[in-house]
Amino acid sequence: MKTSMDGWGSGLAGVIIFSGSLPATRIAVADFSPLFLTSARAVIAALLGAALLVALRQSKPSRDNLFSLAIVALGVVVGFPLLTALALQYITSAHSIVFVGLLPLATAVFAVLRGGERPKPLFWLFSVIGSAMVVGFALNSGAEVSLTGDLLMVAAIIACGLGYAEGAKLSRTLGGWQVISWALILALPLMAVIALATLPDSWSDIAGGAWAGLAYVSVFSMLVGFVFWYRGLARGGIAAVGQLQLLQPFFGLLLAAFLLHEHVSSLMLLTTLAIVACVAGARKFAR
């Protein structure tokens with residue numbers, strides 16, 4: 001029980017950190033190209049992760065772990081950041097909530113396929129209802145639709161769900177922050193080449209907001225958030241803790257209300273309460 005609660009607490013911390021990722025990406029791609037943003041955030045996070053590994057004298061992963069680390073790198077270091085950065089050129093961050101609502105389902109599916117978990121039938125019922133509520137809330141906001149942006153977001157969700165499940169499975173033996181650090185290092189040579197090849201033509205034209213967005217997605221979205229997230233998935237269960245992602249859009253909206261004084265509707269509050277109930281139900285029947 002203690003391990004499970006610790007996992008849920010770590011997972012919740014990760015979700016709160018990730019809640020600022022899409023808005024930060026949306027701001028950053030206004031001045032940075034999607035390729036540069038994706039590669040630069042990975043390079044920065046990889047250097048920080050490497051420093052942690054050296055400072056704490058971590059041993060290298062075994063050859064048996066390299067395939068799983070490659071999947072993590074392709075899913076969450078390259079795939080999700082690049083695909084969302086491309087998608088957010090066509091859709092708003094608000095519309096991306098539609099697809100974030102599908103991420104818990106994708107994570108749960110890969111928890112079965114890659115993590116060996118077997119949630120009970122009622123888990124899937126609560127998961128589907130929760131996802132439908134998030135999607136319905138997003139569609140009710142009247143966000144613009146783009147076929148190109150939508151297809152890119154679907155691909156991003158699939159890549160992210162696979163990367164989450166694979167990383168969580170590996171975290172059980174390697175450790176959460178070690179998994180994301182080694183995955184970042186594995187992708188570093190490719191990301192460094194892409195970053196150098198896509199450097200902005202002029203640094204003076206880049207606004208402060210874009211720099212802040214790059215800093216956030218590099219340090220928090222790409223590294224710190226995963227420290228908590230993979231630990232939570234590994235200790236609390238991939239499928240179960242993954243349902244906390246249903247709350248991510250609402251944390252983002254609440255942060256916007258607190259920091260930017262945006263209006264919080266009664267519909268948002270009611271939907272959030274209903275989502276909490278679905279997360280609780282999914283947790284009960286996850287094993």
Side-chain angles (χ1 to χ4, degrees), residues 14 17-18 20-61 65-89 93 152 155-156 159-160 162-164 166-167 170-171 174-230:
I17 292 171
F18 289 150
S21 298
L22 289 175
T25 299
R26 175 72 174 175
I27 294 171
V29 293
D31 292 326
F32 292 117
S33 72
L35 274 176
F36 177 78
L37 179 64
T38 300
S39 55
R41 68 187 276 181
V43 169
I44 294 170
L47 294 176
L48 293 173
L52 283 173
L53 290 169
V54 172
L56 298 177
R57 299 180 179 180
Q58 298 295 300
S59 58
K60 295 180 181 179
N65 292 329
L66 291 180
F67 179 71
S68 289
L69 284 172
I71 292 178
V72 175
L74 288 173
V76 301
V77 177
V78 181
F80 184 74
L82 177 59
L83 291 167
T84 53
L86 290 169
L88 288 168
Q89 291 186 311
S93 58
L152 287 167
C160 192
L162 175 58
Y164 279 171
E166 194 70 28
L170 194 55
S171 294
L174 197 59
W177 71 269
Q178 293 92 333
V179 167
I180 190 59
S181 295
W182 286 118
L184 285 163
I185 291 171
L186 192 63
L188 179 57
L190 174 62
M191 293 294 98
V193 170
I194 295 175
L196 291 173
T198 57
L199 288 171
D201 295 328
S202 173
W203 297 99
S204 60
D205 296 332
I206 299 172
W211 284 112
L214 173 60
Y216 188 90
V217 297
S218 300
V219 178
F220 294 97
S221 304
M222 200 78 263
L223 184 61
V224 177
F226 279 103
V227 173
F228 292 99
W229 184 238
Y230 276 149

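Side-chain atoms are counted along with the backbone in the values below, which use heavy atoms only and exclude waters and symmetry mates.
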Check against side-chain contact (heavy atoms from CB on, under 4.5 Å), T25 and F32: CA-CA 10 Å; T25 299; F32 292 117; over 6 Å; no
- request: Might you work through the side-chain contact (heavy atoms from CB on, under 4.5 Å) test for M222 and V77, ending with a clear yes or no?
  value: CA-CA 7 Å; M222 200 78 263; V77 177; 4.3 Å; yes
task: Decide side-chain contact (heavy atoms from CB on, under 4.5 Å) for L223 and S181; before the verdict, give the C-alpha distance in whole Å, the side-chain angles of both, and the deciding distance to 0.1 Å.
output: CA-CA 7 Å; L223 184 61; S181 295; 4.1 Å; yes
task: Go through the steps for V179 and N65 under the test side-chain contact (heavy atoms from CB on, under 4.5 Å), then give the verdict.
output: CA-CA 10 Å; V179 167; N65 292 329; over 6 Å; no
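Distance OG/S21 to CZ/R41: 6.5 Å, rounded to 0.5 Å. Within the model, atoms CD of Q178 and CD1 of I185 stand 11.0 Å from one another, a figure rounded to the nearest 0.5 Å. L196 contributes atom CG, which lies 11.5 Å from atom CE of M191 (distance to the nearest 0.5 angstrom). Taken to the nearest 0.5 Å, the CG atom of L190 stands 9.0 Å off from the CG atom of L74.
Nearest approach of A183 to A73, heavy atoms of both residues: O-CB, 3.6 Å. Residues L69 and L186 come closest through the heavy atom pair C-CD2, 3.8 Å. Nearest heavy-atom pair, T198 versus S39, reported as atom, atom and distance to 0.1 Å: OG1-OG, 4.1 Å. Shortest non-hydrogen contact noted between S68 and E166 is OG-OE2, 2.7 Å. In terms of heavy atoms, L214 sits closest to A28 at N-CB, 4.1 Å. When all heavy atoms are compared, the tightest approach of G176 to S171 is CA-OG, 3.5 Å.
The only member of L82, T84, L88 that meets side chain to side chain contact (heavy atoms under 4.5 Å, CB included) when paired with L86 is L82. Screening L48, L188, V193 against V43 for a side chain to side chain contact (heavy atoms under 4.5 Å, CB included) leaves a single residue, L188.
Judged by distance alone, the side chain of Q58 and the main-chain N or O of L56 form a donor-acceptor pair under 3.5 Å. Between the side chain of D31 and the backbone N or O of A210, no donor-acceptor pair lies under 3.5 Å.
No side-chain heavy atom of T38 sits less than 4.5 Å from a side-chain heavy atom of I194. I206 places a side-chain heavy atom less than 4.5 Å from the side chain of P200. You'll find the side chain of Y230 reaches within 4.5 Å of the side chain of V72, heavy atoms only.
Ring pair F220/F18: centre-to-centre distance not below 6.0 Å. Aromatic pair W177/W182: ring centres not closer than 6.0 Å. A centroid separation of 6.0 Å or more is found between the aromatic rings of Y216 and W211.
Within 6.0 Å of CZ on F36 lie more than 12 heavy atoms contributed by other residues, nucleotides or ligands.
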